[in-house]
Amino acid sequence: MSLLLNSSFTGASSACLLQRERSRRRRLHVPGVTCRQGSNGDRRDAAPQQQSPLLLDRRDMLLGLGGLYGVTAGPKVLAAPIMPPDLSKCYPATAPALDNKCCPPYDPGETISEYSFPATHLRVRRPAHIVKDDQEYMDKYKEAVRRMKNLPADHPWNYYQQANIHCQYCNYAYHQQNADDVPIQVHFSWIFLPWHRYYLHFYERILGKLIDDDTFTIPFWNWDTKDGMTFPAIFQDAASPLYDPRRDQRHVKDGKILDLKYAITENESTASDSEIIRENLCFIQKTFKHSLSLAELFMGDPVRAGEKEIQEANGQLEVIHNAVHSWVGEPSGYNENMGDFSTAARDSVFFCHHCNVDRMWDIYRNLRGNRVEFEDNDWLDSTFLFHDENEQLVKVKASQMLDCLNPTKLRYTFEQVPLPWLGKINCQKTAETKSKATTELSLNRVNEFGTTAQALDASNPLRVIVARPKKNRKKKEKQEKVEVIQIKDIKVATNEATRFDVYVAVPYGDLAGPDYGEFVGSYVRLAHRMKGSEGTEVQGPKKKGKLKLGITPLLEDIDAEDADKLVVTLVLRTGSVTVGGVSINLLQTDSTAAI
Ligand code: C2O
(Lines give C-alpha, C1' and ligand atoms only; values in the text may rest on other atoms or scores of the structure.)
Protein backbone atom coordinates (compact mmCIF):
# COMPACT_ATOMS: atom_id res chain seq x y z
CA MET A 1 0.00 0.00 0.00
CA SER A 2 1.67 3.15 -1.02
CA LEU A 3 -0.01 6.12 0.46
CA LEU A 4 1.36 9.58 0.62
CA LEU A 5 0.57 10.88 4.04
CA ASN A 6 1.49 14.44 3.80
CA SER A 7 -0.10 16.96 6.05
CA SER A 8 2.47 19.60 5.40
CA PHE A 9 1.33 20.94 2.06
CA THR A 10 -0.71 24.09 2.15
CA GLY A 11 -3.48 25.69 0.21
CA ALA A 12 -6.20 23.11 0.74
CA SER A 13 -7.91 25.00 3.49
CA SER A 14 -10.70 26.58 1.49
CA ALA A 15 -11.35 23.33 -0.33
CA CYS A 16 -11.82 21.66 3.00
CA LEU A 17 -14.21 24.27 4.25
CA LEU A 18 -16.18 23.86 1.11
CA GLN A 19 -16.29 20.14 1.58
CA ARG A 20 -17.53 20.66 5.11
CA GLU A 21 -20.17 23.09 4.02
CA ARG A 22 -21.34 20.80 1.26
CA SER A 23 -21.72 17.77 3.40
CA ARG A 24 -23.43 19.78 6.09
CA ARG A 25 -25.88 21.02 3.54
CA ARG A 26 -26.53 17.48 2.40
CA ARG A 27 -27.28 16.54 5.96
CA LEU A 28 -29.70 19.40 6.43
CA HIS A 29 -31.23 19.02 2.98
CA VAL A 30 -30.87 22.74 2.47
CA PRO A 31 -30.13 23.33 -1.21
CA GLY A 32 -27.91 26.29 -1.83
CA VAL A 33 -28.25 27.99 1.55
CA THR A 34 -24.99 28.71 3.30
CA CYS A 35 -25.43 29.48 6.95
CA ARG A 36 -21.93 28.93 8.19
CA GLN A 37 -19.97 32.08 8.81
CA GLY A 38 -16.27 31.59 8.66
CA SER A 39 -14.63 28.51 9.96
CA ASN A 40 -15.67 28.28 13.54
CA GLY A 41 -18.91 26.54 12.95
CA ASP A 42 -21.01 29.24 14.55
CA ARG A 43 -24.08 28.75 12.48
CA ARG A 44 -26.69 29.53 15.08
CA ASP A 45 -26.04 33.24 14.98
CA ALA A 46 -25.98 33.30 11.21
CA ALA A 47 -29.60 33.20 10.13
CA PRO A 48 -31.63 30.66 12.02
CA GLN A 49 -34.95 32.23 11.12
CA GLN A 50 -34.34 31.48 7.47
CA GLN A 51 -34.72 27.79 8.11
CA SER A 52 -38.07 26.17 7.81
CA PRO A 53 -38.91 24.27 11.00
CA LEU A 54 -38.75 21.04 9.05
CA LEU A 55 -35.17 21.73 8.11
CA LEU A 56 -33.81 22.29 11.59
CA ASP A 57 -30.99 20.04 12.57
CA ARG A 58 -31.16 17.77 15.54
CA ARG A 59 -29.65 20.26 17.93
CA ASP A 60 -32.18 22.94 17.14
CA MET A 61 -34.89 20.34 17.54
CA LEU A 62 -33.65 19.38 20.97
CA LEU A 63 -33.34 22.98 22.01
CA GLY A 64 -36.92 23.50 20.94
CA LEU A 65 -37.98 20.50 22.94
CA GLY A 66 -36.01 21.57 25.98
CA GLY A 67 -39.11 21.98 28.10
CA LEU A 68 -40.32 18.56 27.20
CA TYR A 69 -37.03 17.03 28.16
CA GLY A 70 -37.35 18.70 31.52
CA VAL A 71 -40.70 17.16 32.39
CA THR A 72 -40.33 13.69 30.97
CA ALA A 73 -38.20 11.00 32.50
CA GLY A 74 -35.40 11.69 30.05
CA PRO A 75 -32.07 13.04 31.25
CA LYS A 76 -31.46 16.78 31.34
CA VAL A 77 -29.74 17.34 28.04
CA LEU A 78 -28.91 20.78 26.81
CA ALA A 79 -27.86 19.56 23.39
CA ALA A 80 -25.10 22.09 23.35
CA PRO A 81 -21.33 21.80 23.25
CA ILE A 82 -19.25 21.28 26.37
CA MET A 83 -18.16 24.66 27.69
CA PRO A 84 -15.22 25.46 29.94
CA PRO A 85 -15.76 25.69 33.69
CA ASP A 86 -16.10 28.61 36.01
CA LEU A 87 -12.52 28.62 37.27
CA SER A 88 -13.55 30.14 40.60
CA LYS A 89 -15.16 26.83 41.51
CA CYS A 90 -12.59 24.08 41.69
CA TYR A 91 -13.81 21.11 43.71
CA PRO A 92 -11.47 18.68 45.41
CA ALA A 93 -10.67 16.07 42.81
CA THR A 94 -11.45 12.43 43.43
CA ALA A 95 -7.76 11.72 43.24
CA PRO A 96 -6.45 9.89 46.28
CA ALA A 97 -3.05 9.44 44.65
CA LEU A 98 -2.65 13.22 44.88
CA ASP A 99 -4.60 13.59 48.08
CA ASN A 100 -7.31 15.30 46.03
CA LYS A 101 -5.11 18.32 45.54
CA CYS A 102 -4.99 19.33 41.92
CA CYS A 103 -6.81 22.66 41.85
CA PRO A 104 -4.61 25.44 40.51
CA PRO A 105 -4.16 28.79 42.27
CA TYR A 106 -7.06 31.00 41.23
CA ASP A 107 -6.64 34.61 40.18
CA PRO A 108 -10.04 36.36 40.22
CA GLY A 109 -8.67 39.28 38.19
CA GLU A 110 -7.63 37.10 35.30
CA THR A 111 -9.56 37.62 32.09
CA ILE A 112 -10.14 35.17 29.29
CA SER A 113 -8.93 36.13 25.83
CA GLU A 114 -9.05 34.66 22.37
CA TYR A 115 -5.98 32.67 21.46
CA SER A 116 -3.70 34.05 18.75
CA PHE A 117 -2.74 30.97 16.83
CA PRO A 118 0.98 30.73 16.23
CA ALA A 119 2.43 32.09 13.03
CA THR A 120 5.62 30.05 13.07
CA HIS A 121 7.00 27.92 10.29
CA LEU A 122 5.61 24.43 10.31
CA ARG A 123 7.37 22.74 13.21
CA VAL A 124 8.14 19.04 12.86
CA ARG A 125 7.58 16.59 15.70
CA ARG A 126 10.04 13.69 15.54
CA PRO A 127 10.14 10.15 16.94
CA ALA A 128 11.61 9.75 20.44
CA HIS A 129 13.88 6.86 19.41
CA ILE A 130 15.39 9.03 16.71
CA VAL A 131 15.83 12.34 18.56
CA LYS A 132 17.73 10.34 21.17
CA ASP A 133 20.83 10.72 19.01
CA ASP A 134 20.34 14.41 18.37
CA GLN A 135 22.41 15.85 21.20
CA GLU A 136 21.54 19.44 20.46
CA TYR A 137 17.82 18.74 20.50
CA MET A 138 18.04 16.60 23.64
CA ASP A 139 19.91 19.34 25.48
CA LYS A 140 17.19 21.82 24.58
CA TYR A 141 14.36 19.49 25.53
CA LYS A 142 15.89 18.69 28.92
CA GLU A 143 16.71 22.33 29.57
CA ALA A 144 13.15 23.37 28.78
CA VAL A 145 11.70 20.78 31.17
CA ARG A 146 14.27 21.70 33.81
CA ARG A 147 13.19 25.33 33.60
CA MET A 148 9.55 24.32 33.80
CA LYS A 149 10.28 22.36 36.95
CA ASN A 150 12.14 25.32 38.44
CA LEU A 151 9.30 27.82 38.00
CA PRO A 152 7.55 28.95 41.20
CA ALA A 153 5.13 26.27 42.34
CA ASP A 154 2.09 28.46 41.73
CA HIS A 155 3.09 29.59 38.23
CA PRO A 156 0.63 28.26 35.66
CA TRP A 157 3.57 27.03 33.60
CA ASN A 158 5.14 25.14 36.47
CA TYR A 159 5.68 21.50 35.57
CA TYR A 160 3.31 20.20 38.26
CA GLN A 161 0.71 22.85 37.51
CA GLN A 162 0.80 21.66 33.91
CA ALA A 163 0.40 18.07 35.11
CA ASN A 164 -2.46 19.03 37.41
CA ILE A 165 -4.49 20.32 34.48
CA HIS A 166 -4.95 16.71 33.45
CA CYS A 167 -6.10 15.76 36.93
CA GLN A 168 -8.59 18.65 37.04
CA TYR A 169 -10.28 17.61 33.82
CA CYS A 170 -10.50 13.92 34.47
CA ASN A 171 -10.95 13.69 38.23
CA TYR A 172 -13.98 15.95 38.41
CA ALA A 173 -12.40 19.11 39.83
CA TYR A 174 -14.45 21.29 37.49
CA HIS A 175 -18.10 21.25 36.63
CA GLN A 176 -19.69 22.38 33.39
CA GLN A 177 -20.55 26.04 33.29
CA ASN A 178 -23.84 25.44 31.54
CA ALA A 179 -24.77 22.49 33.75
CA ASP A 180 -23.24 22.97 37.14
CA ASP A 181 -24.15 19.56 38.49
CA VAL A 182 -22.20 17.77 35.78
CA PRO A 183 -18.42 17.46 36.04
CA ILE A 184 -16.19 17.92 33.00
CA GLN A 185 -14.54 14.75 31.81
CA VAL A 186 -12.16 14.83 28.86
CA HIS A 187 -11.95 11.08 28.36
CA PHE A 188 -14.43 8.47 27.10
CA SER A 189 -15.93 10.61 24.35
CA TRP A 190 -15.35 12.59 21.16
CA ILE A 191 -13.65 15.46 23.03
CA PHE A 192 -10.79 13.17 24.06
CA LEU A 193 -8.71 13.95 20.96
CA PRO A 194 -9.29 17.71 20.58
CA TRP A 195 -8.82 18.46 24.28
CA HIS A 196 -5.57 16.51 24.45
CA ARG A 197 -4.34 18.09 21.21
CA TYR A 198 -4.67 21.55 22.72
CA TYR A 199 -3.22 20.41 26.02
CA LEU A 200 -0.08 19.15 24.24
CA HIS A 201 0.10 22.16 22.01
CA PHE A 202 0.22 24.63 24.89
CA TYR A 203 2.67 22.47 26.81
CA GLU A 204 4.93 22.39 23.76
CA ARG A 205 4.65 26.11 23.11
CA ILE A 206 5.44 26.91 26.75
CA LEU A 207 8.53 24.68 26.66
CA GLY A 208 9.64 26.49 23.50
CA LYS A 209 9.10 29.83 25.17
CA LEU A 210 11.13 28.80 28.20
CA ILE A 211 14.18 28.19 26.02
CA ASP A 212 13.31 30.98 23.60
CA ASP A 213 12.99 28.60 20.67
CA ASP A 214 9.96 29.09 18.48
CA THR A 215 10.74 25.93 16.51
CA PHE A 216 10.67 23.59 19.49
CA THR A 217 8.52 20.44 19.31
CA ILE A 218 7.97 17.53 21.66
CA PRO A 219 8.91 14.07 20.38
CA PHE A 220 6.41 11.28 19.71
CA TRP A 221 6.64 7.79 21.12
CA ASN A 222 6.51 5.94 17.84
CA TRP A 223 4.90 2.82 19.35
CA ASP A 224 3.38 1.82 16.03
CA THR A 225 6.69 0.68 14.60
CA LYS A 226 9.13 -1.99 15.70
CA ASP A 227 11.97 0.35 16.64
CA GLY A 228 9.66 2.47 18.75
CA MET A 229 7.93 -0.36 20.56
CA THR A 230 10.03 -0.15 23.71
CA PHE A 231 9.91 2.44 26.45
CA PRO A 232 11.69 5.50 24.97
CA ALA A 233 15.23 5.58 26.30
CA ILE A 234 15.32 9.37 26.48
CA PHE A 235 13.12 9.22 29.58
CA GLN A 236 15.24 6.64 31.34
CA ASP A 237 18.32 8.57 32.44
CA ALA A 238 17.94 8.98 36.20
CA ALA A 239 19.96 12.19 36.11
CA SER A 240 17.70 13.87 33.55
CA PRO A 241 14.66 16.07 34.28
CA LEU A 242 12.74 13.72 31.97
CA TYR A 243 13.16 10.87 34.43
CA ASP A 244 10.38 9.53 36.64
CA PRO A 245 10.97 6.66 39.08
CA ARG A 246 7.27 5.82 39.32
CA ARG A 247 7.05 3.39 36.43
CA ASP A 248 6.75 -0.34 36.01
CA GLN A 249 10.42 -1.25 36.26
CA ARG A 250 9.84 -4.54 34.43
CA HIS A 251 8.78 -2.62 31.34
CA VAL A 252 10.98 0.43 31.15
CA LYS A 253 14.26 -1.40 31.08
CA ASP A 254 16.02 -1.75 27.77
CA GLY A 255 14.46 -3.80 25.10
CA LYS A 256 11.19 -4.89 26.74
CA ILE A 257 8.56 -4.88 24.01
CA LEU A 258 5.41 -2.85 24.67
CA ASP A 259 2.36 -5.11 24.84
CA LEU A 260 -0.84 -3.41 23.68
CA LYS A 261 -2.77 -6.35 25.08
CA TYR A 262 -1.29 -5.91 28.55
CA ALA A 263 -3.67 -6.45 31.46
CA ILE A 264 -2.34 -5.29 34.81
CA THR A 265 -3.23 -8.19 37.06
CA GLU A 266 -2.18 -10.91 34.67
CA ASN A 267 1.21 -12.45 34.26
CA GLU A 268 3.33 -10.94 31.56
CA SER A 269 2.82 -12.29 28.08
CA THR A 270 5.11 -15.22 27.34
CA ALA A 271 4.92 -14.70 23.59
CA SER A 272 8.16 -14.01 21.73
CA ASP A 273 9.14 -10.42 20.99
CA SER A 274 8.40 -10.82 17.32
CA GLU A 275 4.99 -12.26 18.09
CA ILE A 276 4.11 -9.35 20.40
CA ILE A 277 5.27 -6.90 17.74
CA ARG A 278 3.11 -8.60 15.14
CA GLU A 279 0.11 -8.60 17.48
CA ASN A 280 0.59 -4.91 18.21
CA LEU A 281 0.78 -4.03 14.54
CA CYS A 282 -2.30 -6.11 13.83
CA PHE A 283 -4.20 -4.41 16.66
CA ILE A 284 -3.34 -1.00 15.18
CA GLN A 285 -4.15 -2.12 11.65
CA LYS A 286 -7.52 -3.52 12.72
CA THR A 287 -8.33 -0.38 14.63
CA PHE A 288 -7.82 1.74 11.53
CA LYS A 289 -9.35 -0.70 9.11
CA HIS A 290 -12.53 -1.17 11.13
CA SER A 291 -13.12 2.41 12.11
CA LEU A 292 -12.19 4.32 8.95
CA SER A 293 -15.78 4.37 7.77
CA LEU A 294 -17.20 5.90 10.96
CA ALA A 295 -15.34 8.42 13.10
CA GLU A 296 -17.01 7.58 16.40
CA LEU A 297 -15.58 4.06 16.24
CA PHE A 298 -12.09 5.56 16.29
CA MET A 299 -12.59 8.76 18.28
CA GLY A 300 -15.44 8.05 20.70
CA ASP A 301 -19.11 8.88 20.99
CA PRO A 302 -20.69 12.31 21.38
CA VAL A 303 -20.92 14.03 24.72
CA ARG A 304 -23.04 17.14 25.05
CA ALA A 305 -23.45 19.74 27.75
CA GLY A 306 -25.42 18.57 30.73
CA GLU A 307 -25.36 14.90 29.88
CA LYS A 308 -24.90 13.01 33.07
CA GLU A 309 -25.83 9.42 32.65
CA ILE A 310 -24.42 8.85 29.20
CA GLN A 311 -22.85 5.55 28.39
CA GLU A 312 -19.20 6.43 28.08
CA ALA A 313 -17.85 5.22 24.79
CA ASN A 314 -14.16 5.35 23.99
CA GLY A 315 -13.07 5.01 20.43
CA GLN A 316 -10.57 2.22 19.81
CA LEU A 317 -7.70 4.73 19.62
CA GLU A 318 -8.41 5.72 23.21
CA VAL A 319 -8.53 2.04 24.15
CA ILE A 320 -5.05 1.42 22.73
CA HIS A 321 -3.88 4.59 24.44
CA ASN A 322 -5.20 3.32 27.79
CA ALA A 323 -3.24 0.11 27.36
CA VAL A 324 -0.01 2.08 26.98
CA HIS A 325 -0.82 4.11 30.11
CA SER A 326 -1.29 0.99 32.19
CA TRP A 327 1.82 -0.70 30.76
CA VAL A 328 4.01 2.22 31.91
CA GLY A 329 2.50 2.90 35.35
CA GLU A 330 3.51 1.03 38.48
CA PRO A 331 1.76 -2.33 38.67
CA SER A 332 0.58 -1.78 42.26
CA GLY A 333 -0.58 1.07 44.48
CA TYR A 334 -2.28 3.74 42.42
CA ASN A 335 -0.47 2.62 39.27
CA GLU A 336 1.41 5.88 39.36
CA ASN A 337 2.27 7.86 37.53
CA MET A 338 1.06 6.91 34.06
CA GLY A 339 -1.46 4.29 35.17
CA ASP A 340 -3.82 6.76 36.87
CA PHE A 341 -5.21 9.81 35.08
CA SER A 342 -4.74 12.03 38.13
CA THR A 343 -0.98 11.51 38.12
CA ALA A 344 -0.29 10.52 34.50
CA ALA A 345 0.95 13.90 33.27
CA ARG A 346 3.52 14.08 36.09
CA ASP A 347 5.59 11.72 33.97
CA SER A 348 7.13 13.51 30.95
CA VAL A 349 6.56 10.42 28.85
CA PHE A 350 2.84 11.24 29.03
CA PHE A 351 3.27 14.03 26.50
CA CYS A 352 5.43 11.84 24.27
CA HIS A 353 2.79 9.10 24.35
CA HIS A 354 0.00 11.57 23.61
CA CYS A 355 2.03 13.06 20.82
CA ASN A 356 1.74 9.69 19.09
CA VAL A 357 -1.97 9.47 19.87
CA ASP A 358 -2.31 12.87 18.24
CA ARG A 359 -0.30 11.60 15.28
CA MET A 360 -2.60 8.59 14.94
CA TRP A 361 -5.51 11.02 14.65
CA ASP A 362 -3.59 12.96 12.00
CA ILE A 363 -3.01 9.77 10.02
CA TYR A 364 -6.64 8.75 10.44
CA ARG A 365 -7.76 12.07 9.04
CA ASN A 366 -5.31 11.82 6.14
CA LEU A 367 -6.61 8.37 5.28
CA ARG A 368 -10.14 9.80 5.21
CA GLY A 369 -9.20 12.58 2.80
CA ASN A 370 -8.93 15.21 5.55
CA ARG A 371 -12.64 15.50 6.06
CA VAL A 372 -13.96 16.85 9.35
CA GLU A 373 -14.85 13.90 11.52
CA PHE A 374 -18.02 15.18 13.14
CA GLU A 375 -20.24 17.61 11.28
CA ASP A 376 -21.91 18.47 14.52
CA ASN A 377 -21.69 21.79 16.28
CA ASP A 378 -21.72 20.12 19.65
CA TRP A 379 -18.31 18.75 18.75
CA LEU A 380 -17.01 21.66 16.70
CA ASP A 381 -17.95 24.22 19.34
CA SER A 382 -16.64 22.29 22.37
CA THR A 383 -14.62 24.93 24.16
CA PHE A 384 -11.62 24.64 26.46
CA LEU A 385 -9.48 26.96 28.59
CA PHE A 386 -5.69 26.92 28.81
CA HIS A 387 -2.82 29.19 29.73
CA ASP A 388 -0.98 29.89 26.51
CA GLU A 389 2.68 30.59 25.77
CA ASN A 390 2.13 34.26 26.61
CA GLU A 391 0.74 33.51 30.07
CA GLN A 392 -2.71 34.48 28.85
CA LEU A 393 -5.76 32.51 29.86
CA VAL A 394 -7.28 31.68 26.49
CA LYS A 395 -10.33 29.88 25.24
CA VAL A 396 -10.16 27.62 22.24
CA LYS A 397 -12.75 25.64 20.32
CA ALA A 398 -12.34 22.21 18.80
CA SER A 399 -13.21 23.64 15.39
CA GLN A 400 -10.44 26.23 15.52
CA MET A 401 -7.71 23.63 15.17
CA LEU A 402 -9.33 21.97 12.21
CA ASP A 403 -8.64 24.25 9.27
CA CYS A 404 -8.30 21.82 7.65
CA LEU A 405 -5.28 19.63 7.19
CA ASN A 406 -5.19 18.46 10.67
CA PRO A 407 -2.74 20.25 12.93
CA THR A 408 -1.48 22.87 10.52
CA LYS A 409 -3.55 25.55 12.20
CA LEU A 410 -1.36 24.90 15.21
CA ARG A 411 1.70 25.02 12.95
CA TYR A 412 3.10 21.59 13.59
CA THR A 413 3.32 18.38 11.66
CA PHE A 414 4.92 14.99 12.13
CA GLU A 415 8.04 13.59 10.58
CA GLN A 416 7.05 11.04 7.95
CA VAL A 417 8.12 7.63 9.14
CA PRO A 418 7.23 4.16 7.84
CA LEU A 419 3.81 2.82 8.81
CA PRO A 420 4.40 -0.94 8.99
CA TRP A 421 0.82 -1.59 10.15
CA LEU A 422 -0.52 -0.09 6.95
CA GLY A 423 1.28 -2.66 4.86
CA LYS A 424 0.55 -6.31 4.44
CA ILE A 425 0.77 -8.22 7.70
CA ASN A 426 -0.76 -11.56 8.35
CA CYS A 427 -3.31 -10.76 11.02
CA GLN A 428 -5.76 -13.58 10.47
CA LYS A 429 -5.36 -16.96 11.98
CA THR A 430 -3.89 -19.34 9.47
CA ALA A 431 -6.15 -21.75 7.62
CA GLU A 432 -4.35 -24.49 9.49
CA THR A 433 -5.46 -23.27 12.92
CA LYS A 434 -8.98 -22.84 11.64
CA SER A 435 -9.37 -26.34 10.31
CA LYS A 436 -7.74 -27.79 13.41
CA ALA A 437 -10.39 -26.09 15.50
CA THR A 438 -13.21 -27.59 13.49
CA THR A 439 -11.89 -31.13 13.64
CA GLU A 440 -11.57 -31.13 17.37
CA LEU A 441 -15.20 -32.11 17.62
CA SER A 442 -15.68 -30.22 20.82
CA LEU A 443 -18.54 -28.15 19.58
CA ASN A 444 -20.68 -26.54 22.22
CA ARG A 445 -24.11 -25.03 22.28
CA VAL A 446 -23.93 -21.28 22.63
CA ASN A 447 -26.92 -19.25 23.78
CA GLU A 448 -28.19 -15.85 22.85
CA PHE A 449 -27.46 -13.09 25.29
CA GLY A 450 -30.86 -13.16 26.98
CA THR A 451 -32.51 -10.37 28.89
CA THR A 452 -30.49 -10.08 32.06
CA ALA A 453 -27.08 -8.50 32.55
CA GLN A 454 -24.21 -10.96 32.71
CA ALA A 455 -21.07 -10.81 34.78
CA LEU A 456 -17.83 -11.64 33.01
CA ASP A 457 -15.76 -14.39 34.56
CA ALA A 458 -12.02 -14.50 33.93
CA SER A 459 -11.90 -18.28 33.93
CA ASN A 460 -14.96 -18.77 31.78
CA PRO A 461 -15.33 -16.34 28.86
CA LEU A 462 -18.82 -15.21 27.96
CA ARG A 463 -19.82 -16.65 24.59
CA VAL A 464 -23.03 -15.61 22.90
CA ILE A 465 -24.56 -16.22 19.53
CA VAL A 466 -25.75 -13.05 17.84
CA ALA A 467 -27.91 -12.65 14.76
CA ARG A 468 -26.61 -10.39 12.01
CA PRO A 469 -29.02 -7.83 10.59
CA LYS A 470 -28.14 -8.82 7.05
CA LYS A 471 -25.76 -11.21 5.34
CA ASN A 472 -24.03 -11.12 1.95
CA ARG A 473 -24.27 -7.37 1.69
CA LYS A 474 -23.32 -5.74 -1.59
CA LYS A 475 -20.34 -3.44 -1.86
CA LYS A 476 -22.57 -0.38 -2.05
CA GLU A 477 -24.51 -1.40 1.05
CA LYS A 478 -21.25 -1.82 2.89
CA GLN A 479 -20.17 1.64 1.88
CA GLU A 480 -23.38 3.07 3.27
CA LYS A 481 -23.55 1.12 6.48
CA VAL A 482 -20.88 -0.43 8.65
CA GLU A 483 -21.57 -3.60 10.59
CA VAL A 484 -20.80 -3.07 14.26
CA ILE A 485 -20.69 -5.26 17.35
CA GLN A 486 -22.23 -3.26 20.17
CA ILE A 487 -21.81 -4.15 23.80
CA LYS A 488 -24.03 -2.05 26.01
CA ASP A 489 -24.48 -1.30 29.69
CA ILE A 490 -20.91 -2.20 30.57
CA LYS A 491 -20.57 -1.74 34.32
CA VAL A 492 -17.16 -1.80 35.93
CA ALA A 493 -15.82 -1.28 39.41
CA THR A 494 -14.18 2.09 38.80
CA ASN A 495 -11.57 1.67 41.52
CA GLU A 496 -9.76 -1.02 39.60
CA ALA A 497 -8.42 -1.27 36.08
CA THR A 498 -10.58 -3.12 33.59
CA ARG A 499 -9.85 -4.98 30.41
CA PHE A 500 -11.77 -7.42 28.29
CA ASP A 501 -11.06 -8.53 24.74
CA VAL A 502 -13.64 -9.33 22.08
CA TYR A 503 -13.41 -12.16 19.54
CA VAL A 504 -15.70 -13.21 16.74
CA ALA A 505 -16.16 -16.58 15.04
CA VAL A 506 -18.56 -18.28 12.66
CA PRO A 507 -20.79 -20.85 14.39
CA TYR A 508 -21.66 -24.32 13.11
CA GLY A 509 -25.41 -23.99 13.29
CA ASP A 510 -25.95 -22.97 16.87
CA LEU A 511 -22.76 -24.66 17.98
CA ALA A 512 -19.40 -23.02 18.52
CA GLY A 513 -15.97 -24.53 18.19
CA PRO A 514 -13.47 -24.19 21.02
CA ASP A 515 -11.63 -21.49 19.17
CA TYR A 516 -12.70 -17.92 19.97
CA GLY A 517 -11.92 -16.91 16.42
CA GLU A 518 -10.61 -13.51 15.42
CA PHE A 519 -9.62 -10.79 17.85
CA VAL A 520 -11.76 -7.71 17.13
CA GLY A 521 -10.86 -5.16 19.77
CA SER A 522 -10.87 -4.40 23.48
CA TYR A 523 -12.39 -2.45 26.30
CA VAL A 524 -9.69 -0.95 28.53
CA ARG A 525 -10.23 1.41 31.42
CA LEU A 526 -7.74 2.71 33.96
CA ALA A 527 -8.65 2.61 37.63
CA HIS A 528 -10.38 5.79 38.72
CA ARG A 529 -10.26 5.73 42.49
CA MET A 530 -12.37 7.88 44.77
CA LYS A 531 -11.68 9.07 48.27
CA GLY A 532 -14.47 9.41 50.81
CA SER A 533 -14.86 12.19 53.37
CA GLU A 534 -12.93 10.21 55.98
CA GLY A 535 -10.00 10.14 53.62
CA THR A 536 -10.36 6.44 53.06
CA GLU A 537 -10.79 4.97 49.65
CA VAL A 538 -14.36 4.22 48.67
CA GLN A 539 -15.90 2.29 45.86
CA GLY A 540 -16.72 4.76 43.10
CA PRO A 541 -20.03 4.76 41.30
CA LYS A 542 -20.56 1.93 38.89
CA LYS A 543 -20.18 3.71 35.58
CA LYS A 544 -21.95 2.47 32.53
CA GLY A 545 -20.15 2.30 29.25
CA LYS A 546 -20.52 0.85 25.80
CA LEU A 547 -18.20 -0.55 23.23
CA LYS A 548 -18.64 -0.39 19.48
CA LEU A 549 -16.41 -2.36 17.16
CA GLY A 550 -16.64 -2.22 13.38
CA ILE A 551 -16.41 -5.64 11.72
CA THR A 552 -17.24 -5.16 8.02
CA PRO A 553 -13.72 -5.78 6.67
CA LEU A 554 -13.01 -8.42 9.28
CA LEU A 555 -15.96 -10.54 8.16
CA GLU A 556 -14.58 -10.42 4.63
CA ASP A 557 -11.17 -11.45 5.89
CA ILE A 558 -12.53 -14.47 7.75
CA ASP A 559 -14.98 -15.49 5.04
CA ALA A 560 -18.02 -14.93 7.17
CA GLU A 561 -20.08 -13.02 4.62
CA ASP A 562 -22.82 -15.59 4.40
CA ALA A 563 -23.15 -16.36 8.10
CA ASP A 564 -26.58 -15.60 9.61
CA LYS A 565 -25.14 -15.43 13.07
CA LEU A 566 -21.80 -14.94 14.75
CA VAL A 567 -20.34 -16.18 17.99
CA VAL A 568 -19.05 -13.26 20.02
CA THR A 569 -16.69 -14.07 22.88
CA LEU A 570 -15.81 -11.66 25.68
CA VAL A 571 -12.61 -12.57 27.51
CA LEU A 572 -12.19 -10.80 30.85
CA ARG A 573 -8.54 -10.00 31.46
CA THR A 574 -8.68 -7.82 34.56
CA GLY A 575 -11.27 -6.05 36.73
CA SER A 576 -14.91 -6.85 37.43
CA VAL A 577 -17.41 -6.28 34.70
CA THR A 578 -21.04 -6.92 33.88
CA VAL A 579 -22.49 -6.31 30.44
CA GLY A 580 -26.10 -5.62 29.53
CA GLY A 581 -26.23 -6.90 25.98
CA VAL A 582 -24.37 -7.81 22.82
CA SER A 583 -25.85 -7.02 19.43
CA ILE A 584 -24.78 -6.57 15.84
CA ASN A 585 -26.10 -3.51 14.07
CA LEU A 586 -25.68 -1.56 10.89
CA LEU A 587 -24.64 2.06 11.41
CA GLN A 588 -24.58 4.80 8.81
CA THR A 589 -21.03 5.41 7.63
CA ASP A 590 -19.47 8.86 7.26
CA SER A 591 -16.67 7.92 4.89
CA THR A 592 -15.90 5.38 2.19
CA ALA A 593 -12.20 5.38 3.04
CA ALA A 594 -10.62 1.96 3.31
CA ILE A 595 -7.20 0.39 3.69
CU1 C2O B 1 -6.00 12.25 29.36
CU2 C2O B 1 -3.68 9.64 28.12
O3 C2O B 1 -5.00 10.67 28.98
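Atoms within a ligand are numbered from 1 in the order they appear, just like the ligands themselves. Keep in mind it's a predicted model, so treat the numbers as computed, not measured.
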Which atom of H187 is nearest atom 1 (Cu) of ligand 1, counting N, O or S only? It is NE2

Is atom 2 (Cu) of ligand 1 less than 2.8 Å from at least one N/O/S atom of H196? no

So, H166 and atom 1 (Cu) of ligand 1: N/O/S under 2.8 Å, yes or no? yes

Angle at atom 2 (Cu) of ligand 1, NE2 of H354 to NE2 of H325, rounded to 10 degrees, please. 120°

For F216 and Y137, take the angle between the two ring planes, folded into 0 to 90°, and tell me which bin it lands in: parallel under 30, tilted 30 to 60, perpendicular over 60. parallel

I'd like to know whether the aromatic ring centres of F414 and Y412 sit less than 6.0 Å apart in this structure. yes

Hey, can you tell me if H354 and H321 have their rings parallel, tilted or perpendicular (30° and 60° cut-offs)? perpendicular

Of W361, W190, F188, F386, the one forming a ring pair (Phe, Tyr, Trp, His ring centres under 6.0 Å) with W195 is F386

Using a cut-off of strictly less than 2.8 Å, determine whether C170 has an N/O/S atom near atom 1 (Cu) of ligand 1. no

Do the two ring centres, one from F202 and one from Y115, sit under 6.0 Å apart? yes

